[in-house]
Chemist: 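I'd like to ask some things about the structure below.
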Number of protein chains: 4
Amino acid sequence: MGQRSVTGGRPRDAHIDTAVLDAVSALLEEDGYRSLAIEKVARRAGVSKAAVYRRWPNRQLLVLAELERRMGGVEPPRTGCTLCDLDEALALFARTFRCMGPEFFSPLLADCSGDEELHRRFMDTLFDPPRNAVRDTLERARERGDLRDDVDLTLAVDTLASLVHYRLLFGHAPVDGRETARAVAVLLRGLARDFAALEAEAVGHSATSHG
Amino acid sequence: MGQRSVTGGRPRDAHIDTAVLDAVSALLEEDGYRSLAIEKVARRAGVSKAAVYRRWPNRQLLVLAELERRMGGVEPPRTGCTLCDLDEALALFARTFRCMGPEFFSPLLADCSGDEELHRRFMDTLFDPPRNAVRDTLERARERGDLRDDVDLTLAVDTLASLVHYRLLFGHAPVDGRETARAVAVLLRGLARDFAALEAEAVGHSATSHG
Amino acid sequence: MGQRSVTGGRPRDAHIDTAVLDAVSALLEEDGYRSLAIEKVARRAGVSKAAVYRRWPNRQLLVLAELERRMGGVEPPRTGCTLCDLDEALALFARTFRCMGPEFFSPLLADCSGDEELHRRFMDTLFDPPRNAVRDTLERARERGDLRDDVDLTLAVDTLASLVHYRLLFGHAPVDGRETARAVAVLLRGLARDFAALEAEAVGHSATSHG
Amino acid sequence: MGQRSVTGGRPRDAHIDTAVLDAVSALLEEDGYRSLAIEKVARRAGVSKAAVYRRWPNRQLLVLAELERRMGGVEPPRTGCTLCDLDEALALFARTFRCMGPEFFSPLLADCSGDEELHRRFMDTLFDPPRNAVRDTLERARERGDLRDDVDLTLAVDTLASLVHYRLLFGHAPVDGRETARAVAVLLRGLARDFAALEAEAVGHSATSHG
DNA sequence: CGATAAGCGAGACGGTACGTCAAGTCTTATA
DNA sequence: TATAAGACTTGACGTACCGTCTCGCTTATCG
């Protein structure tokens, strides 16, 4: 929500903030992002248009606020086992993404492109947090010495994260735990110093099947 | 362009088709996708609004037509060397995507979501063709016996293709030949029956450095 | 229908003339004059737009043609009795007017005002014929010596005719034989050389009650 | 102008009301009723289309508002002399009608037919007021005992009023004070208990010549 | 008999206006 | 100052007709 000068005047009504975001949420579900109009949001929230504009200067930031609210915090897993952590991180990634509504992610991103500042805000809020969970996991794997020395971490993160985003955005194939686990396996075979060792360890944890 | 019954009536003026698409092209460059209005397109093309609507019933299909025009045909490479083919296919993929204007890809996709038919048209036109070039290449590699038996082809294609789309869509990291070559190398290490052999062959072709 | 040079070419299809006028008739009844569009007429008649425009250059003349067709010929009555003739002439007037659809009369007139030629055509076709039936009757009455010498004939005709048009156009009061007969009586009391004599004669004919 | 709930909100700008009606007035004079388009009105008034639609939902009510403004109030004459009052009432009637632009009366009426509510509004605003001036005059004459007992007042009013409307609508004959005076004379001869007495009284007032 | 000429259905074409919608800004009165 | 209500300009939406035109075809009359 918009920062405010603290001095004087009537204080903002906090109920309005939630009422507006609730209305955004409902309208997104009902009519999708494209036909989400601030005027409708205000009407639905039983709030004046000005009250909305006072808090969020445009619909991009308004929707961003709602999706951020939905996303909640993202905590990376720390089991100590590289393969298990990665599986879990990717599953978390997918879950987070899915619960914020992948169908709003794409148009919002599209709407934020073209403006430097908006794009940055989008990335900071929705893109980086879940992605960093994956990155952290990989970094810990490297510190543990599980990865080859010449690994390009950004490339590795992208290869994993992009798969999830890709499928959810285009919807041409499903994303489930089995699929992501396989992707992790294939990739790690290319990245790991000793893939067989990692596999053995993971079987010990018996978290997921790495066949 | 809109299909037509061939019988009777004054034939459509082909100049109008190109004039409109040219106008779309110019306006996309100048103002981006978001503020592309059919009314402006018609004005710019020196053409009546009805003439535009007669051919393309909405702006999604209009822009789709223009991007399709830009993309042209996509022919997968056939050098006979798996690593070289893959490098080339991915480079082609990136090139195709870039020349059609990656900044319009995302908002157009966003605009096509929510309508079954539009989404299908989008995928058929812009998504599948370059992607299939990669898939074909991988299929030939498998037929040649270069890949492990348990390879999930769709997963492999996605892992490679998504990387390009991902970076170009979110713009958080550049995409160049060196990067894609590295991604191919990492992935093939996980997919290949005998990665060293492939590498040796590719060095013989001296196409790109596979270090 | 439009006049034509007789020489050469394919002759016009007479079926089209009637098909078009029938369509006009139907559309007038269904949607009224205001929303009568030539394009709709052509569609309804199963005829091309050009075929309509070839015959009638605009919708005013088109509707005029249809109303003229409806009106048919107007023959003034000749009973020889002034009061009876007048009653009958006025009844004929009302009947004619009503059968051509008074609700189209007003908007058509309105549509024809503003163009000299159109207005003249309207008056010649729809206004003058029934009105002249009344005028003829009054003229014969004067020749018979039934009217005062200083009677202004145009004023007299207008006073009678306007009443019918007036009520049918504005619809604020009904028009029936009893009402028009009363109007005739009142007016004749002011115009006649000897009203009582006329009344006596009419009672002899026992056509209508002139009390 | 459109009625509004008085509570809250920014009040309507009164300048806009007049600017719009002025524009309507100018455009009516220049191009007539038929080509009066709300879009043009707004342009001419230097006002947005929405501002016009907010006040008047269609062009009929818009023009009605302008003609009402032009018409002003109608006060029936009260000289105490029946013939003089009638002459004056009819002259007032004609004057009122003429000053509001008889050429717009007809197409507006035509445009209002077909819709119950619009027609009523038209009658209430433009038809009844001047007509009631005539009716009042006749009613006072009857109370004074100047008219025969069996007079049908509605018929009498129509006979006088229709003449003016008739001639002005169809434009086939002029309307001036002399003509209307003659019509009054003829009609009164048929309606009056003692026409000669009325005539004598009027000559005393020397208002107009009743020969 | 074949040339000429017009009729005809179909539908493209540039216009113009329709009536609606939302954007983002503003003005007022009230809290 | 925030708030609700709503006026305001701007600009596009997608639709509907206008009256004109081009096309390929059909149906007459005339030389």
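To find a chain, count down the sequence lines: A is the first, B the second, and so on, and within it residues start at 1.
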Chemist: Rounded to whole angstrom units, what separation is found between the CG atom of A:L61 and the P atom of E:dA23?
Modeler: 14 Å
Chemist: Between A:F127 and A:F105, is the gap from one ring center to the other below 6.0 Å?
Modeler: no
Chemist: What I want to find out is whether C:D17 reaches C:R12 closely enough, with some N-O distance under 4.0 Å, to be called a salt bridge.
Modeler: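 Here C:D17 does not pair with C:R12 in a salt bridge, since their nearest N and O are not under 4.0 Å apart.
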Chemist: Indicate yes or no: does D:E30 engage D:K40 in a salt bridge with an N to O separation below 4.0 Å.
Modeler: no
Chemist: Anything under 3.5 Å between a protein N or O and an N or O of nucleotides 24-27 of chain F, put it in a table, one pair a line.
Modeler:
{"from": "F:dT26", "atom 1": "O2", "to": "C:R10", "atom 2": "NH1", "distance (Å)": "2.8"}

Chemist: F:dG14 C1' sits how many Å from B:W56 CH2, rounded?
Modeler: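 One finds 17 Å between C1' of F:dG14 and CH2 of B:W56, rounded.
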Chemist: Would a 4.5 Å heavy-atom cut-off, applied to side chains only, mark B:W56 and B:V20 as touching?
Modeler: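 They are in contact (side-chain heavy atoms under 4.5 Å apart), so the answer is yes.
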Chemist: In terms of heavy-atom contacts, does CZ of D:R121 have more than 12 from other residues, nucleotides or ligands at under 6.0 Å?
Modeler: no
Chemist: Using a cut-off of 4.0 Å between protein heavy atoms and nucleotide atoms, how would you tag nucleotides 14-22 of chain E 5' to 3' with B, S and -?
Modeler: B--BBBB-S
Chemist: Nearest-Å distance, CG (B:D13) to C1' (E:dA10)?
Modeler: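 My rounded result for the distance is 17 Å.
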Chemist: Are any of the side-chain nitrogens in D:R120 or D:E116 under 4.0 Å away from the carboxylate oxygens of its partner?
Modeler: no
Chemist: Please give, in whole Å, the distance from F:dT1 C1' to A:R55 CZ?
Modeler: 13 Å
Chemist: Quick one: do C:R34 and C:D111 make a salt bridge, cutoff under 4.0 Å?
Modeler: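 So C:R34 does not pair with C:D111 through a salt bridge.
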Chemist: Within the supplied structure, the quantity of interest is the number of heavy atoms (other residues, nucleotides, ligands) at a distance under 6.0 Å from B:E117 CD; does it exceed 12?
Modeler: yes
Chemist: Let me know the distance between CZ of D:R12 and C1' of F:dT9, rounded to the nearest Å.
Modeler: 16 Å
